[in-house]
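Below is one structure, written out as structure tokens; comments come after it.
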Amino acid sequence: MGIDRKHVLIACAIAGAVLGLVLAVLQAAGTFPTSDLHGMPAGASRSTGFMLAMAPLLAAWGFTIHLRCSDAQIARYLKANAALCVAWLLIVTLKYPTGNDHLVSIMWYLYYVPMLLTSTFSLFSAMRASALDRMPVTSYAKRAVLAIDVALIALVLTNNLHHMVFRFSFDDPLWSGSYTYGPGYWVVLGWIIPQIALFFACSLAAARRQLRSAFMPLALIVGVLGTYTVLYILRFLIGSNLALVYSILLISCLEIALDLGILPSYYWCESMFSALPFNLRILSRTGEVALHTALFQPSAHDDALHSMLLQSDLSRRSITSFRTTAVPHTLFRGYNVTGGSALLAEDVAAIDERRVTLERQQDSLRAHNDLLKHRHAIDGVLYRTQQERTLIDEIEQTLAAKTRRIDELLSDLPRGNDPQSLAQRRERLTEVKLLIAYCKRKGGLVLAGKSDPAFNRERLQLVFNETAADLRTLGIDCAALVDVKRVLPASTVSVLYDCLYDFAAATFAASNPILMLFVSDKVEGGEGSGDGVAAGQHRRVVEMRAALEADKSAQTEGYTRSLEELRRVLERREVRFSLDIASDGATLAVQVSEDEGVA
């Protein structure tokens, strides 16, 4: 609000207050000609013309509240105040011509119905404007206030029974001017004054900070009302028209509150709407612009935009969005509002620019990702080829060594038929049989790598069972158990074959051997595992455990040679293992791992 508008409001408030005071003084001085009725003071009837003129103005003001106040609940409170003031003026107009003292007294008591309720409704309006009615306790407080109003109204209306509010006697012809105040009157007055003070306090809380300096008009009205009330109680203005003066001051106070924006009005809604930092317009049902913000700029494309909005059928959807090439880099959003629709235009040039940049980056990343996929596929093929080549080389070397061992055993077979020669020949031929089976298995790995490189539990169990059966036919107690839940690569199976056959070969040089084999897989690693695996990473491990028990005479040259050959093979492969050789047996634990990041 500008300083000029503030000064106008202050001037109007001063003029209204002066008018009220002048009217009260003129009524008390008897300036307006009138006749006495029944010997009673005729102060009220002197302002009949003013009341007849004021009543339609109050009714018209109440109708404008219906059009101007943007809060339905506050509008009901203000319209109720206007109706109460009109009823009060009507009661005053009809009071004295009735000619019945009891009826006159009842109509006099009815003054306090609008006096109490108008202050209450004004307080409720300020409470709602300051958002105090959102508190749960406010609902109970409002009910308590209304209950007290009803009790005080009942106390005043029944004054003829107890005279606790006004004390007088109908035997006195001038009873309407010679009454005194009872304790009930001070209770009523003590209830109205705090409500007026609370109205002023709530209005101050409801006002925006920049409006609080404009509270002088309200303060002036409240000061005039308080001065008039004190003078009226002290009988200096007893002949004035309380209803007329009170109504003028009350309506002036509420109108200033509306105009200042303390109580919500469409005037302030329109100004606030215009100041919104959006390119927003409100359209009627026919597509005409009814309201718009300061950022809205009419263009030649508005008719087309309004037509697109009307065709979007907002009645089924509360919001819709669309764009048009006629207005580039602009996103339009339509909202369904009462009586029409709202169209919001958003500048999305920066978003469009970022989208284009992101699309270019996405295309570049997509091309780079395709290149990485192709490179990964090539690296995978090269890695598998290298692994196959390494496996084949390792198998060739192993087979060459085993073949040399077979040649040595066959060339050194005993020729005699004595029992010792037969036993040595049988022992060496058994070892040759085992080596041939080993060469068969190792050679099968090369063929399996071309057709079916994955070894599951059944295939591995078959190999270990066949080896165990061969050893049992040679008089070696052997048992094998395979507990593997996943398929194994050929490189891992190759290590297991070496461990199996090299460890089994040692049993031929042992006395009364017993061999136990167990193969399993597990997952190691993770946070706090302490196994050298990074936190959050896991490693799949295949573990083979073998135990050999024999007589203490088992530690022969062939026994030791086979186990030491196994140790050299495992050291070349860089696997984790432990091999303990004793005079009465040996134990082997070997782990073959594949490093994988498992979620």
Side-chain angles (χ1 to χ4, degrees), residues 277-279 295 299 301 304-305 308-309 311-312 317-335 343-395 445-456 484-495 521-529 531-542 573-575 592-599:
F278 305 109
N279 186 350
L295 295 180
S299 67
H301 307 289
L305 293 174
M308 293 174 63
L309 180 62
Q311 293 174 3
S312 63
R317 296 175 294 175
S318 59
I319 182 174
T320 185
S321 301
F322 61 91
R323 298 185 67 169
T324 175
T325 56
V327 186
H329 306 301
T330 303
L331 174 66
F332 295 95
R333 296 183 185 273
Y335 301 89
L343 183 61
L344 174 66
E346 298 182 38
D347 184 7
V348 293
I351 297 176
D352 289 344
E353 183 179 355
R354 287 194 293 268
R355 180 181 291 111
V356 172
T357 302
L358 290 175
E359 287 177 353
R360 286 198 299 264
Q361 293 178 352
Q362 187 178 17
D363 292 340
S364 176
L365 291 174
R366 188 179 293 110
H368 185 64
N369 187 42
D370 293 338
L371 180 61
L372 290 178
K373 287 182 179 178
H374 184 64
R375 180 177 178 181
H376 178 73
I378 294 175
D379 290 343
V381 172
L382 293 176
Y383 176 78
R384 287 192 297 271
T385 303
Q386 182 181 2
Q387 289 296 102
E388 292 175 359
R389 183 70 263 173
T390 302
L391 179 61
I392 291 174
D393 292 343
E394 184 269 331
I395 291 175
L445 289 177
V446 178
L447 299 177
K450 299 296 183 181
S451 58
D452 188 7
F455 287 78
N456 56 18
V484 179
K485 300 178 178 61
R486 62 186 182 88
V487 296
L488 303 177
S491 59
T492 301
V493 177
S494 176
V495 177
D521 63 342
K522 60 182 180 178
V523 177
E524 291 185 348
E527 184 176 356
S529 63
D531 55 4
V533 183
Q537 297 292 320
H538 298 265
R539 179 172 58 191
R540 299 184 185 275
V541 176
V542 179
R573 294 182 179 276
E574 298 181 356
V575 296
V592 185
S593 64
E594 292 180 275
D595 292 334
E596 297 185 24
V598 182

- Sorted by chain and number, sequence neighbours left out, ring pair (Phe, Tyr, Trp, His ring centres under 6.0 Å) with Phe322 holds for Phe332
- Task: Run through Leu343, Thr320, Leu344 and flag the one making a side-chain contact (heavy atoms from CB on, under 4.5 Å) with Tyr335.
- Result: Leu344
- Query: Does Thr357 use its side chain to pair, donor to acceptor, with the backbone of Glu353 at less than 3.5 Å?
  - Reply: yes
- Please determine if Asp363 and Arg366 form a salt bridge, counting it only when a charged side-chain N lies under 4.0 Å from a carboxylate O. yes
- Message: Is it the case that over 12 heavy atoms from other parts of the model lie below 6.0 angstrom from the CD atom of Glu346?
- Response: yes
Show which side-chain atoms of residues 367-378 pair as donor or acceptor with protein atoms under 3.5 Å away, not counting sequence neighbours.
none

- Task: Determine the minimum heavy-atom distance between Ala345 and Thr330, stating which atoms define it.
- Result: CB-CG2, 4.0 Å
- All heavy atoms of Pro277 vs all of Leu295, minimum pair found to be C-CD1, 3.4 Å
- Look up atom CG in Asp521 and atom CG in Leu488, then write down how far apart they are to the nearest 0.5 Å. 7.0 Å
- Item | Value rounded to 0.5 Å, distance of CZ in Arg323 from CG in Asp352 | 4.0 Å
